[in-house]
Protein chains: 2
Amino acid sequence: MPAPVTAPIGVVLARTAKTAGRAFDQALAAAGGSQPVWQILISLKTTAVANQRELADAVGIQGATLTHHLNGMEAAGLVTRRRDPGNRRVHLVELTEAGEQLFHRLASAAIAHDQRLRKGLSDAEIAQLADLLQRLAANVADT
Amino acid sequence: MPAPVTAPIGVVLARTAKTAGRAFDQALAAAGGSQPVWQILISLKTTAVANQRELADAVGIQGATLTHHLNGMEAAGLVTRRRDPGNRRVHLVELTEAGEQLFHRLASAAIAHDQRLRKGLSDAEIAQLADLLQRLAANVADT
DNA sequence: TATTGTTATACTCTATAACTATA
DNA sequence: TATAGTTATAGAGTATAACAATA
């Protein structure tokens, strides 16, 4: 029998990510957020970042791009920035109460999105998918 | 033993797609293209589209967005647009010789990118990954 | 001088609304 | 009126280069 003809895995990956990403965009927007804001919030909550450079790395964007988003988030009352007394070059980014609340709303939206994505797939399949994706990503890391 | 703790599959998917997509961007740019241009070229070459609306659907963008890209591609000498004599509302999009050549260059880049992505994964694993991704995408289709 | 972050500017992709041409 | 496509405009996300503040 002939080998099955499949689309290039990069194409399948890109198409799936586009579809899933748009659905996630809508879910986040309905909860008052966006993907960059969600990435920044989750990094602030779950990672101990020493400065904005590390925060930008955690989110996967440039420092100036992070500043752009933090400006918007500060204007929206989600975060505050103040200088680190121990090293006044460093700006400490902290969540406000509104930022905490948005984080929880977006977390709920993200969980609901994930449950929707996982529908029809077993835990073992999800675990294998995650493993395969991580191995794929490792092949193109730090380009 | 406790269940393994994995990041939400949506997060893994988004992160992998971002990493792989950026690597693909660079590969296409080095070959003189971009992802939208590549999607349009491959759709023109492999799908029988009756009009620009169908082409836009195949690429996954709006008609006006397609026009934007076709304007650039026409200015770059990659495609021509002429009216269909049988229905002059329809604009027939055709590849020029330069468009054909760019298609082949980008196809080579895409193949190389895919081989890089697949490194270390067996054909069976790739097939299963594609299957899992397609089932994931089906869960959020036509949002 | 080196490090941290911001400002200024611009580019790409995308979208919606209003419009033109054709049927 | 309905369909195919374009134009005008705008917004989100990203980036680089130049700059200011601090060490």
Side-chain angles (χ1 to χ4, degrees), chain A residues 14-15 17-19 21-26 28-29 32-41 43-44 49-76 79-94 143, chain B residues 14-15 17-19 21-26 28-29 32-41 43-44 49-76 79-94 143:
Chain A
R15 197 158 46 202
K18 188 174 195 174
T19 303
R22 285 187 178 182
F24 193 34
D25 281 342
Q26 293 186 347
L28 290 177
S34 67
Q35 293 215 44
V37 166
W38 168 239
Q39 290 300 322
I40 291 167
L41 289 176
S43 295
L44 286 174
V49 289
N51 53 43
Q52 286 188 201
R53 166 81 68 103
E54 288 186 15
L55 180 55
D57 285 348
V59 176
I61 57 180
Q62 294 302 115
T65 304
L66 175 62
T67 294
H68 167 79
H69 291 301
L70 289 179
N71 287 346
M73 293 172 73
E74 191 170 37
V79 299
T80 56
R81 278 182 287 191
R82 62 187 176 85
R83 292 191 180 268
D84 182 344
N87 179 351
R88 289 182 46 75
R89 285 175 303 191
V90 172
H91 290 205
L92 298 174
V93 180
E94 286 162 349
T143 307
Chain B
R15 197 158 45 202
K18 187 176 195 173
T19 302
R22 286 188 177 182
F24 192 33
D25 281 342
Q26 293 186 348
L28 291 177
S34 66
Q35 294 215 43
V37 166
W38 168 239
Q39 291 300 322
I40 291 167
L41 289 176
S43 295
L44 285 173
V49 289
N51 54 42
Q52 287 188 200
R53 167 81 69 104
E54 288 187 13
L55 181 56
D57 284 348
V59 176
I61 57 179
Q62 295 301 116
T65 304
L66 176 62
T67 294
H68 166 78
H69 291 300
L70 289 179
N71 287 346
M73 292 173 74
E74 191 170 37
V79 299
T80 57
R81 278 182 287 191
R82 60 186 178 85
R83 291 191 181 269
D84 181 345
N87 179 350
R88 291 182 43 77
R89 287 175 300 191
V90 172
H91 290 205
L92 299 174
V93 180
E94 286 162 348
T143 307

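Proteins come first, then strands; the chains are lettered A, B, ... in the order of their sequence lines, and each starts at number 1. Computation of the quantities below employed the complete heavy-atom set of this structure, encompassing side-chain atoms and omitting hydrogens, waters and symmetry-equivalent molecules.
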As a test of reading the structure: which of dT6(C), dT6(D), dG5(D) is closest to the side chain of R81(B), going by heavy atoms?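 When the side chain of R81(B) is considered, dT6(D) is the closest of dT6(C), dT6(D), dG5(D).
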P36(A) side chain: which of dT14(C), dT6(D), dG13(D) is closest?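 Of the options given, the side chain of P36(A) lies nearest dG13(D).
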[X] has an atom [atom1]; how far is it from atom [atom2] of [N], in whole Å?
{"X": "Q26(B)", "N": "dT12(C)", "atom1": "CD", "atom2": "C1'", "result": "15 Å"}
{"X": "N51(A)", "N": "dA21(D)", "atom1": "CG", "atom2": "C1'", "result": "15 Å"}
{"X": "Q52(A)", "N": "dT22(D)", "atom1": "CD", "atom2": "P", "result": "15 Å"}
{"X": "D57(A)", "N": "dG5(C)", "atom1": "CG", "atom2": "P", "result": "11 Å"}
{"X": "D25(B)", "N": "dA15(D)", "atom1": "CG", "atom2": "C1'", "result": "13 Å"}
{"X": "I61(A)", "N": "dA12(D)", "atom1": "CD1", "atom2": "P", "result": "16 Å"}
{"X": "Q35(B)", "N": "dT14(C)", "atom1": "CD", "atom2": "C1'", "result": "14 Å"}

Applying side-chain contact (heavy atoms from CB on, under 4.5 Å), can you list everything that pairs with [X], at least two apart in sequence or on another chain?
{"X": "R53(B)", "answer": "N51(B), D57(B)"}
{"X": "Q52(A)", "answer": "L66(A), T67(A), L70(A), R81(A), H91(A), V93(A)"}
{"X": "D25(B)", "answer": "Q35(B)"}

A side-chain contact here means heavy atoms from C-beta on lying under 4.5 Å apart; do R83(A) and V90(A) qualify?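 No, their side chains stay 4.5 Å or more apart.
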Under-4.0 Å side-chain N/O to phosphate OP1/OP2 contact, S34(B) with dC13(C):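 For dC13(C), OP1/OP2 do have a side-chain N/O of S34(B) under 4.0 Å.
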Apply the side-chain contact (heavy atoms from CB on, under 4.5 Å) test between E94(B) and each candidate in T80(B), L44(B), V79(B); give the one that qualifies.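 The single option meeting the side-chain contact (heavy atoms from CB on, under 4.5 Å) with E94(B) is T80(B).
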Five pairs per end, C1' atoms only: what is the angle between the end axes of the helix from dT1(C)-dA23(D) to dA23(C)-dT1(D), to 10 degrees?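 It works out to 30° between the end axes.
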Which residues share a side chain to side chain donor-acceptor pair (under 3.5 Å) with D84(A), sequence neighbours left out: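 Listed in chain order: nothing, the list is empty.
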For R89(B), which residues count as a side chain to side chain donor-acceptor pair (under 3.5 Å) partner, sequence neighbours excluded?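 Applying side chain to side chain donor-acceptor pair (under 3.5 Å) to R89(B) gives N87(B).
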With the threshold set at under 4.0 Å for non-hydrogen atoms, list the residues of residues 83-91 of chain A touching DNA chain C in residue-number order.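 The stretch gives R89(A), V90(A), H91(A) as the residues lying under 4.0 Å from the strand, ordered by number.
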Kindly state which residues belonging to residues 62-74 of chain A come within less than 4.0 angstrom of DNA chain C, counting heavy atoms of the residue only, listed by number.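 Heavy-atom contacts with DNA chain C come from A64(A), T67(A), N71(A).
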May I ask you to decide if I61(B)'s main-chain N or O and T65(B)'s side chain share a donor-acceptor pair within less than 3.5 Å?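 Absent.
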Can you measure from [atom1] ([X]) to [atom2] ([Y]) and round to the nearest 0.5 angstrom?
{"X": "M73(A)", "Y": "H68(A)", "atom1": "CE", "atom2": "NE2", "result": "11.5 Å"}
{"X": "S43(A)", "Y": "E54(A)", "atom1": "OG", "atom2": "CD", "result": "11.5 Å"}
{"X": "R22(B)", "Y": "K18(B)", "atom1": "CZ", "atom2": "NZ", "result": "5.0 Å"}

